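As a basis for the values below, the full set of heavy atoms in this structure was taken, side chains included, without hydrogen atoms, waters or symmetry mates. These numbers come from a predicted model, not from an experiment.
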Amino acid sequence: MWCPSAQAEDTQDAGQDAPQQNAAERKTGLTQGSLTAYTLPAITAYGVADQPPSVPVQTRFGTQFNVVTEEQIKRQNSLDFYDALRNVPGVMYQKKNIIGGQTSHSLYIRGRGASHPSPDLNIFFDDVPRSGVLYGQALADGIPVYALGGMEIYKAPQPSRFGSGYGMINFIPKYMTEDGYELRVGSEAGSYGTVAENVGMGAKKDNVDIYAAQSWISTLGHVDHSAGHQASYYGNLGIAFGDNWGMRLMANRVDAKTQVPNNPITNTRTTDRYDTETSLATLSLNNTYDNASGYLKGYYNNTLFHIRGENSGTAMSRQTNDLYGIRGRETFSLWQGSEFVAGFDLDMSRLQNYQEQYKTRTSTSWDFPDQTLFSPYFAASQLFGGTEGFHVTPSAGVAYTAAIFLKTILRRRLVWCWDMPIPI
């Protein structure tokens with residue numbers, strides 16, 4: 001700290017009657033021109049630094065992924081999962097509302113994600129698919145942040161982790177990890193009529209844990225016709241069979257409505273509102289050993305998208321997505337420094353799109369082919385050297401995908417409806 005020497009002399013004159021200061025507290029021997037140097041006492045700050053999600057986690061297969069913890073999601077006051085991604089480098093999103101999202105692409109990882117209708121990115125919840133398969137919706141208004149125990153963001157292809165695709169976001173469901181009880185009640189309010197409430201409670205004793213949560217978020221929107229609402233119900237039950245095996249059941253139901261704001265230039269909109277109804281359930285058989293861990297998981301996901309007032313208010317569409325299947329994965333080590341990953345994904349989908357024209361009272365239905373994807377994979381790595389010093393970890397893997405179409409019919413149906421009797 002540098003001060004003018006004249007001010008220092010005035011201070012000395014004013015303090016002649018005061019006790020002489022200790023030489024260690026004030027040094028006058030160091031001067032630079034007309035300035036005198038002073039040494040301030042040491043200041044100690046106590047606290048825990050928040051680890052940003054920008055620090056990647058290195059895997060044994062030459063890849064990386066980012067982790068956003070549950071605590072970081074809370075500190076960011078995230079209303080939807082887009083908000084929770086704001087500090088992850090290389091990840092961008094677009095949204096026109098305070099909460100919720102839009103149909104088509106809206107999430108981008110290192111510039112990828114704009115392909116349509118099938119996106120480059122995979123959206124998983126509890127390691128299973130949960131997104132709008134038909135048009136690539138990221139389902140921002142269908143995944144509640146209050147049910148999340150964390151997020152994993154993969155920003156490069158990793159066939160031994162999520163099969164095909166450029167990147168992936170996996171939402172980790174929340175559950176009790178330590179014995180005891182937990183009760184969480186929260187409420188928030190802010191600008192533009194934004195309010196939120198959430199209640200969560202859980203318990204864990206010995207080999208049984210259970211957690212349930214409910215949340216509701218609503219906003220009037222920051223511009224005209226941009227309101228959004230989301231209601232969520234979540235449950236997670238785990239039972240351990242000894243020290244190495246366990247079973248877990250997870251279920252989540254979300255109902256959401258998102259209005260489409262007007263174009264700021266034309267003051268018009270092509271669609272009125274998006275309604276989302278989505279339900280997901282998973283049943284997992286898990287194992288954990290000193291040199292191995294993995295799971296066998298079955299899942300079912302039903303999502304219904306209502307696009308109301310599309311084509312400038314002249315039509316309505318309803319998209320039905322049924323995703324279900326079985327996934328298995330095991331990571332193990334056979335000798336020191338080795339790591340192997342073996343698994344498979346058996347995913348099935350049933351998709352339908354229905355559109356109704358308001359003026360002509362005609363409807364069109366597309367029944368898409370039922371599709372089955374089978375994707376086995378295997379990867380191996382070996383560590384040479386010590387992790388604290390110089391080391392080399394070569395790795396190799398192989399993945400295969402087979403697609404089976406159970407139906408090959410694209411059906412178009414026109415139905416005429418009348419509101420009055422036809423005279424004979």
Side-chain angles (χ1 to χ4, degrees), residues 78-83 93-107 116-117 119 123 130-146 189-197 214-233 252-280 301-322 351-366 415 417:
S78 303
L79 294 178
D80 58 22
F81 82 79
Y82 283 156
D83 293 339
Y93 59 87
Q94 62 167 329
K95 55 187 299 188
K96 301 177 182 178
N97 304 68
I98 295 178
I99 62 173
Q102 61 183 31
T103 188
S104 184
H105 53 85
S106 57
L107 181 65
H116 185 74
I123 306 298
R130 192 179 194 185
S131 62
V133 178
L134 189 56
Y135 286 109
Q137 297 96 326
L139 211 64
D141 51 356
I143 297 179
V145 295
Y146 299 104
S191 304
Y192 310 113
T194 304
V195 294
E197 63 83 17
Q214 173 273 334
S215 63
W216 181 74
I217 306 174
S218 178
T219 180
L220 298 179
H222 61 298
V223 295
D224 291 339
H225 205 269
S226 62
H229 315 279
Q230 182 196 82
S232 170
Y233 310 92
N252 179 222
R253 168 72 179 186
V254 179
D255 296 315
K257 293 178 174 61
T258 305
Q259 289 183 336
V260 179
N262 292 339
N263 186 300
I265 298 177
T266 62
N267 198 32
T268 60
R269 57 182 179 271
T270 59
T271 304
D272 187 68
R273 194 181 75 205
Y274 298 120
D275 295 354
T276 303
E277 303 172 12
T278 175
S279 301
L280 172 67
N301 178 23
N302 172 265
T303 301
L304 181 65
F305 295 103
H306 271 115
I307 305 178
R308 302 187 181 276
E310 67 174 341
N311 297 337
S312 300
T314 63
M316 178 275 296
S317 288
R318 183 177 65 247
Q319 304 168 13
T320 304
N321 298 249
D322 287 320
L351 312 176
Q352 184 188 56
N353 190 27
Y354 171 85
Q355 185 182 66
E356 179 181 334
Q357 301 291 334
Y358 292 151
K359 292 183 179 180
T360 61
R361 291 300 182 91
T362 60
S363 64
T364 306
S365 179
W366 294 266
V415 180
C417 303

Aromatic plane relationship, Y192 with H222 - under 30° parallel, 30 to 60° tilted, over 60° perpendicular: perpendicular
Residues E356 and R318 bridged, charged N to O under 4.0 Å: no
Pairwise side-chain contact, V260 with Y274, heavy-atom cut-off 4.5 Å (strictly under): yes
Test side chain to side chain contact (heavy atoms under 4.5 Å, CB included) applied to D83 and F81, step by step: CA-CA 5 Å; D83 293 339; F81 82 79; over 6 Å; no
Pairing residues for R269 by the side-chain contact (heavy atoms from CB on, under 4.5 Å) criterion, not counting sequence neighbours: H225, N262, D272
For Y233, all residues meeting ring pair (Phe, Tyr, Trp, His ring centres under 6.0 Å), sequence neighbours excluded: none
W366 side chain reached by Q355 side chain, heavy atoms, under 4.5 Å: yes
Considering all heavy atoms, the nearest S279-R253 contact: OG-NH1, 2.9 Å
Flag side-chain contact, heavy atom, 4.5 Å: H229 against I217: no
Test log, rule side chain to side chain contact (heavy atoms under 4.5 Å, CB included), inputs T320 and N302: CA-CA 7 Å; T320 304; N302 172 265; 4.2 Å; yes
Within-4.5 Å side-chain heavy-atom neighbours: T303 and L280: no
Heavy-atom closest contact (V145 atom, S78 atom, distance): CG2-O, 3.4 Å
Closest non-hydrogen atom pair between Y93 and Y82, with its separation: CE2-O, 3.0 Å
M316 vs H306 side-chain heavy atoms within contact, under 4.5 Å: yes
Closest contact, heavy atoms only, S226 versus P261: CB-CB, 4.1 Å
Side-chain heavy-atom pair Q357, T364 within 4.5 angstrom cut-off: no
Inter-residue atom distance D322.CG - Q352.CD, 0.5 Å rounding: 9.5 Å
From OG1 (T219) to CD (Q230), nearest 0.5 Å: 12.5 Å
CA sep, side-chain torsions, deciding dist, call: L79, I98, side chain to side chain contact (heavy atoms under 4.5 Å, CB included): CA-CA 8 Å; L79 294 178; I98 295 178; 4.0 Å; yes
Gap between atom CZ of R273 and atom CD1 of I307 - 0.5 Å precision: 12.5 Å
Donor-acceptor side-chain pairing of T362 and T360 below 3.5 angstrom: yes
Distance-minimising heavy-atom pair for S363 and Y354: CB-OH, 3.3 Å
Side chains of T266 and T268, donor plus acceptor under 3.5 Å: yes
Interatomic spacing from CG in N301 to OG1 in T278 - rounded to 0.5 Å: 4.5 Å
CG on N311 to OG1 on T270, rounded to 0.5 Å: 8.0 Å
S365 and N353: side chain donor to acceptor below 3.5 Å: no
Nearest heavy-atom neighbours spanning S191 and T194: O-OG1, 2.8 Å
Sidechain-backbone polar pair: Q259 side chain, A227 backbone, donor-acceptor under 3.5 Å: yes
Gap separating the CD1 atom of I143 from the OG atom of S232, nearest 0.5 angstrom: 10.5 Å
